[in-house]
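Below, all heavy atoms of this structure are taken into account, side chains as well, without hydrogens, waters or symmetry copies.
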Amino acid sequence: MIMDFETLLSTLPGFAEGLGWTLFLTVSVLFFGMIIALMIVPCRLSQNWLANGFGLTFVFVFRGAPLLVLLFLVYYGVPELPIVRDTFLWHAFQYPVFCAILSLSFNSAGYLTEVIVGAVRAVPRGEVEAAHVAGLSRWAVIKGVIAPNAIRLGLRNYGNEMVFVVKATSVASLVTIQELMARASGVYYRTYDPITPLLVAGAIFLVLIMALSRFMAFLEVRLSPELSRKAETARSGAGKPAASINAVDGPSLPQTPQTGR
Amino acid sequence: MNWTLFSIGAEGWGDELLWGFALTMTLAVAAYVIGTVIGLLAALALLSKSRVLRSVSAAYGTVFRSVPELLILFLTYYGAALMIRSAFAMIGIDLRVSLDAFTAGVVALALVHGAYTAEVFRGAIISVPTGLREAARSLGMTPFVTFHRITFPVALRYAFPGLSNLWMVMIKNTPLVSAIGLADLIGQANTAGQNTKHYFAFFTAALIAYLLVSAVSLWGQLRLERNLTRHLPKQGSWSP
């Protein structure tokens with residue numbers, strides 16, 4: 001039933017390899033998700049109804065669809081399509097890792113778009129107007145005024161999103177990727193001990209995510225030192241509606257309830 | 001596109017998919033209700049005077065919000081029965097329990113949901129103006145009556161956006177139960193795909209079903225929110 005200590009030790013290298021996969025997936029998804037989101041954000045912020053409608057639809061679809069459905073659709077469904085079956089794309093969709101990163105990235109991009117849009121909208125209007133009046137070019141305003149403000153304001157929600165990406169990578173185990181969850185199940189099938197391997201994997205996830213949120217909290221304080229006094233009280237989980245630390249220095253980031261997914 | 005794939009009856013998969021959908025929704029509602037109760041209790045523990053209760057609840061929240069839902073689901077399904085059995089074995093009782101997949105799914109999703117709900121309720125309860133509570137106490141209401149008649153109804157309005165958001169999260173977490181063999185919407189779509197080799201059609205149908213549920217939930221949320229705030233001046237986003 002419950003495995004002995006030596007068996008547990010012998011499984012640890014496997015878990016380390018699994019952790020490597022989890023980290024690889026997380027980093028790739030954060031990277032590609034950000035690239036996709038940065039392409040959708042201008043649509044969402046545009047005045048053009050067509051572009052805005054496209055952005056809204058993108059967000060609705062990829063935020064409303066369960067990750068597992070997206071993953072299965074990409075992994076099992078998409079290779080059926082003639083355009084994929086008869087072209088070089090077929091080879092790419094043969095790899096579960098490709099499918100996992102693709103679906104996780106689009107899923108994450110849906111959330112990320114709203115995080116960035118929320119942060120950009122929270123940048124004080126006056127500052128942007130002042131920059132325009134001072135004769136800064138469009139690009140200079142984005143680079144020098146909007147981006148630095150938005151990064152500070154959006155950091156907390158981005159941190160939450162990072163945590164969700166780490167957790168979401170576990171779903172990749174269902175398409176045969178040997179990340180942490182899959183390693184834990186593998187050990188269970190070999191030893192018939194369901195509890196220990198899952199607890200080990202759970203502990204690794206716990207440490208990983210606690211370290212990540214500590215780091216993001218630290219980064220937030222570093223980037224906005226004036227908020228550090230309030231940061232302590234406002235540090236809490238997702239979905240909290242009221243009282244954001246950003247309320248301190250004027251610009252308030254509407255903590256859209258959607259950010260906790 | 002071959003529509004007979006979705007027909008009801010022996011040759012189509014329409015009825016199977018509908019049953020799967022019904023299972024998904026039952027599971028989501030059950031886990032949501034139980035999880036919300038757990039979350040409320042956890043929030044009260046977080047706000048209680050007892051240090052032990054506070055730290056137990058905080059640890060519960062941290063663990064269940066950090067560990068992937070899939071892992072908690074597997075641990076509940078494969079491990080919970082064994083854990084209960086070993087616990088009873090320690091006090092000398094040989095109790096053989098087994099947890100079916102549906103119960104395990106509800107328990108796991110409810111536990112995760114509870115951890116997030118606790119944060120929502122905690123935030124909502126501390127947002128209730130202290131004056132209300134003090135007034136209630138000075139009118140001679142007992143702490144329980146104060147909570148039940150004053151704090152909780154007001155807090156519920158603050159908690160509403162968070163709670164409705166977590167309903168969406170719940171719907172999006174339910175497909176995970178197909179990993180422990182439940183024939184929910186995704187499980188059925190998968191079976192249908194294996195049998196007909198039309199994965200794309202079935203998973204697209206499932207995707208649309210989920211998007212429809214999302215859209216209906218969003219619409220309901222807006223309606224309810226308007227209803228809850230009808231005593232407030234109309235303008236922009238609301239805060240009770």
**Asked** Using a cut-off of under 4.5 Å for heavy-atom pairs, which of I186(B), N190(B), T174(B), I208(B) has the most such pairs with chain A?
**Response** I186(B)

**L70(B) backbone acceptor or donor facing K167(A) side chain under 3.5 Å** = no

**Prompt:** Has I93(B) got more than 12 heavy atoms of other residues, nucleotides or ligands less than 6.0 Å from its CD1?
**Reply:** yes

**Message:** Please classify the contact of T169(A) with chain B as side chain, backbone, both or neither, using a heavy-atom distance under 4.5 Å.
**Reply:** neither

**Prompt:** OH/Y77(B) to CG/L198(A) distance, rounded to the nearest 0.5 angstrom?
**Reply:** 13.5 Å

**Fill in**
One option among Y210(B), F200(B), F121(B) has the most heavy-atom pairs under 4.5 Å with chain A, and it is F200(B)

**Prompt:** In terms of heavy-atom proximity below 4.5 Å to chain A, should T204(B) be classed as side chain, backbone, both, or neither?
**Reply:** both

**Asked** How many angstroms lie between atom OG of S173(A) and atom CZ of F74(B), to the nearest 0.5 angstrom?
**Response** 6.0 Å

**Message:** To the closest 0.5 Å, what do you measure between CG (L199(A)) and CE (M83(B))?
**Reply:** 6.0 Å

**Prompt:** Is chain B contacted by the side chain of L68(A), its backbone, both, or neither, given a heavy-atom distance below 4.5 Å?
**Reply:** side chain

**Message:** Need one label for A215(B): side chain, backbone, both or neither, based on atoms under 4.5 Å from any heavy atom in chain A.
**Reply:** both

**Request:** Flag the pair P194(A) / L75(B) as yes when at least one side-chain heavy-atom distance between them is below 4.5 Å, and no otherwise.
**Result:** no

**Asked** Which heavy-atom pair separates L71(B) from G202(A) by the least distance, and what is that distance?
**Response** CD1-N, 3.6 Å

**Contact origin within V171(A) toward chain B - heavy atom pairs under 4.5 Å** = both

**Request:** Would you mind checking which part of F60(A) comes under 4.5 Å of any heavy atom in chain B, side chain (CB onward), backbone (N, CA, C, O), both or neither?
**Result:** both

**Y76(A) and Q194(B), any side-chain heavy atoms less than 4.5 Å apart** = no

**Prompt:** Contact part of I195(A) toward chain B, heavy-atom cut-off under 4.5 Å: side chain, backbone, both or neither?
**Reply:** both

**Asked** Can you say whether L81(A) sits under 4.5 Å from chain B via the side chain, the backbone, both, or neither, judging by heavy atoms?
**Response** side chain

**Prompt:** Which one, A203(A), A201(A), P66(A), leads in non-hydrogen pairs under 4.5 Å with chain B?
**Reply:** P66(A)

**Asked** What is the distance from atom CZ of F72(A) to atom CG of L207(B), rounded to the nearest 0.5 Å?
**Response** 13.5 Å

**Prompt:** Do you know which of V74(A), V163(A), V78(A) has the most heavy-atom pairs with chain B at a distance under 4.5 angstrom?
**Reply:** V78(A)

**Asked** Checking T117(B) against chain A: side chain, backbone, both or neither under 4.5 Å from a heavy atom?
**Response** neither

**Item:** pair S66(B)-F205(A): side-chain heavy atoms closer than 4.5 Å
**Value:** no

**Asked** What distance do L67(A) atom CG and L176(B) atom CG have between them, rounded to the nearest 0.5 Å?
**Response** 8.0 Å

**Complete:** d(F202(B) CZ, L73(A) CG) to nearest 0.5 Å is 13.0 Å

**chain A contacts, top residue of L211(B), V213(B), V67(B) (heavy-atom pairs, under 4.5 Å)** = L211(B)

**Request:** Side chain from CB out, backbone as N, CA, C, O: work out which of these in I209(A) comes under 4.5 Å of a heavy atom of chain B, or both, or neither.
**Result:** side chain

**Asked** Between F164(A) and Y116(B), what is the ring plane arrangement, given parallel below 30°, perpendicular above 60°, and tilted in between?
**Response** parallel

**Request:** Could you tell me which non-hydrogen atom of K197(B) sits nearest to which non-hydrogen atom of E80(A), and how far apart they are?
**Result:** O-OE2, 3.0 Å

**Message:** Does any part of the side chain of M210(A), heavy atoms only, come nearer than 4.5 Å to the side chain of T62(B), both counted from C-beta?
**Reply:** yes

**Request:** Determine whether more than 12 heavy atoms belonging to other residues, nucleotides or ligands lie under 6.0 Å from atom CH2 of W21(A).
**Result:** no

